[in-house]
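The next block holds one structure in the form of structure tokens; read it before the comments.
Atoms considered below: every heavy atom in the structure, side chains included; atoms not considered: hydrogens, waters and symmetry mates. Start at 1 and go down the list; that is how both ligands and their atoms are numbered.
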Amino acid sequence: MRPARALINLQALRHNYQLARQLCADKALAVVKADAYGHGAVACAHALHDMADGFAVSCLEEAVELRAAGISLPIVLLEGFFAAQELPQIVKHNLWCVIHAQWQLDALEQAVLAQPLHIWLKMDSGMHRVGFFPHEYAAAWQRLQASTNVAAVVLMTHFSRADELDSIYTQEQFELFTQTTAGLSAPISVSNSPAVLAWPQIRSDWSRPGIILYGSQPVAMSDTAAQRLQPVMTLQSKIIAVREVPAGEAVGYGAQFVASAPVRVGIVAIGYADGYPRHAPTGTPVAVAGCRTQLLGRVSMDMLAVDLTDIAHADVGSEVELWGETISIDEVAACAGTISYELLCNVKRVVYEYSTN
Ligand SMILES: *Cc1c(COP(=O)(O)O)cnc(C)c1O
């Protein structure tokens with residue numbers, strides 16, 4: 001069997017959730033959209049079921065998968081519904097529903113529902129993606145109050161720059177949200193992972209941590225809380241070939257790496273078809289048999305090359321970690337010009353193995 005694997009440490013996930021919850025307000029939705037950022041939503045939700053206050057996903061289909069797997073905690077649909085026809089399903093599965101646009105509000109008012117819904121009303125406080133503008137917000141809230149299809153309302157907004165420690169934009173967004181919601185008596189929800197880590201003074205009733213549950217740091221912080229996050233996924237494979245490449249010879253497609261001195265090259269059974277980023281250049285860190293070394297040349301679809309020159313004990317069969325405990329996914333993401341979120345969501349084809357210790 002091909003040795004490419006994603007090891008998922010569910011104990012680390014539990015640890016990170018607990019840490020996120022300590023850092024933020026009283027309740028935290030565990031964001032498990034996009035198959036729990038590539039970790040497996042059902043397994044992750046089950047692992048958190050006895051401690052989480054609720055879950056958040058991006059759509060009805062993702063929520064139904066969790067309900068079918070026996071997840072009974074609250075689940076928020078972060079983009080609500082995409083067509084009014086979904087509303088009966090949302091009621092049936094007892095889901096909490098974001099309303100971010102006028103057409104959704106109209107559809108909700110006009111629907112004939114078996115039961116009223118728990119609504120999260122989204123404000124656009126500066127991301128300018130979705131949500132009601134501040135000048136529309138109170139009116140939207142009034143309409144929800146007046147609708148017999150609404151059981152309860154949470155007021156929410158989303159930060160666009162919470163990972164920028166030297167920007168006051170997050171505080172400005174929060175201030176606008178606070179001013180706009182003054183007098184609307186309902187719980188509030190604002191913080192994503194970077195806000196939970198970097199803006200602890202911003203409190204809300206429900207925070208919405210995603211990426212930190214999986215152990216990646218969305219903000220470069222030397223501080224203690226961020227250091228206590230534990231990586232949940234270890235992406236690994238094995239060396240399947242070793243060769244000595246003489247000085248002047250190239251390795252891989254396009255001769256992107258040319259040996260300036262004799263180099264001992266290990267070929268690893270993992271590539272971009274598994275979600276390893278093709279844009280990771282020579283020099284991107286990897287660990288072989290526990291020792292840090294580097295990628296050489298272009299990543300192929302099923303294979304990539306690493307430098308074994310200084311790891312004499314490494315050979316065919318040696319274990320390779322692409323990211324995890326030894327190699328931070330944030331470092332790999334930086335080398336590849338992307339973010340951990342994208343790397344994690346892209347993982348595919350590999351065998352998933354779950355552990356609880
Ligand atoms: C994805 C998402 C989150 C989680 O973001 P992280 O940066 O992963 O913590 C929170 N809120 C909303 C509305 C989201 O879409």
Side-chain angles (χ1 to χ4, degrees), residues 13 16-25 27-39 41 44-45 48 52-63 66 74-82 95-101 104 119-132 154-165 169-170 173-174 177 187-200 202 204-221 225-226 229 231-233 329-330 333 338-346:
L13 178 73
N16 294 338
Y17 179 83
Q18 240 149 5
L19 183 61
R21 206 168 179 289
Q22 274 165 25
L23 291 171
C24 64
K27 285 182 273 188
L29 287 180
V31 180
V32 294
K33 62 188 177 189
D35 205 21
Y37 296 45
H39 292 69
C44 289
L48 293 174
D53 302 303
F55 297 105
V57 297
S58 65
C59 59
L60 177 62
E61 293 84 344
E62 289 182 347
L66 296 181
I75 301 177
V76 176
L77 304 176
L78 289 170
E79 280 135 64
F81 50 90
F82 300 85
L95 306 172
W96 295 1
C97 183
V98 166
I99 295 285
H100 64 73
Q104 287 179 326
I119 298 297
W120 287 44
L121 183 62
K122 188 162 187 174
M123 180 192 300
D124 177 3
S125 60
M127 169 80 97
H128 299 329
R129 204 171 52 173
V130 295
F132 291 85
V154 173
L155 312 175
M156 74 177 290
T157 195
H158 194 50
F159 295 131
S160 58
R161 300 175 64 182
D163 56 335
E164 296 175 40
L165 298 172
Y169 199 66
T170 300
Q173 276 191 269
F174 187 58
F177 178 75
I188 65 167
S189 174
V190 294
S191 295
N192 54 2
S193 293
V196 167
L197 280 185
W199 305 92
I202 293 179
S204 62
D205 302 285
W206 288 92
S207 65
R208 307 186 303 268
I211 195 71
I212 55 175
L213 303 181
Y214 309 102
S216 155
Q217 277 189 48
V219 200
M221 287 177 90
L229 292 170
V232 174
M233 181 191 293
I329 190 168
D330 297 310
T338 184
I339 52 176
S340 60
Y341 298 70
E342 188 186 26
L343 297 186
L344 291 169
C345 291
N346 278 348

For the pair [X] (side chain) and [Y] (backbone), establish whether a donor and an acceptor sit closer than 3.5 Å, ignoring hydrogens and angles.
| X | Y | value |
| --- | --- | --- |
| Tyr17 | Ala28 | yes |
| Ser193 | Gly210 | yes |
| Tyr169 | Gly126 | yes |

query = Below 4.5 Å, heavy atoms only, C-beta onward: do Ile99 and Phe81 meet side chain to side chain?
reply = yes

Protein contact of [atom] - nearest heavy atom, named by residue and atom, plus distance:
| atom | value |
| --- | --- |
| atom 14 (C) of ligand 1 | Lys33 NZ, 3.0 Å |
| atom 12 (C) of ligand 1 | His158 CE1, 3.4 Å |
| atom 9 (O) of ligand 1 | Ser193 OG, 2.5 Å |

Backbone or side chain, does any N or O of [X] fall under 3.5 Å from an N or O of ligand 1?
| X | answer |
| --- | --- |
| Tyr37 | yes |
| Gly210 | yes |
| Leu78 | no |
| Arg208 | yes |

ask   = Does Ala162 have a non-hydrogen atom less than 4.0 Å from ligand 1?
value = no

Close-contact set for ligand 1 against Tyr341 heavy atoms, below 4.0 Å = 6 (P), 7 (O), 8 (O)

inquiry  = Under 4.0 Å from a heavy atom of Ile211: which atoms of ligand 1 are those, numbered in the order shown and with their elements?
reply    = 6 (P), 8 (O), 9 (O)

inquiry  = Over 60° means perpendicular and under 30° means parallel, so tell me whether Tyr341 and Tyr37 are parallel, tilted or perpendicular.
reply    = tilted

remark   = Contacts of Ser216 meeting side chain to side chain donor-acceptor pair (under 3.5 Å) (sequence neighbours excluded), chain-then-number -> Asp330, Ser340

From Gln173, Arg208, Lys122, residue fulfilling side chain to side chain donor-acceptor pair (under 3.5 Å) relative to His158 = Arg208

note = Heavy atoms of Met127 and Phe159 approach each other most closely as CE-O, 3.8 Å

key: Location of contacts on Pro194 toward ligand 1, heavy atoms closer than 4.0 Å   = side chain

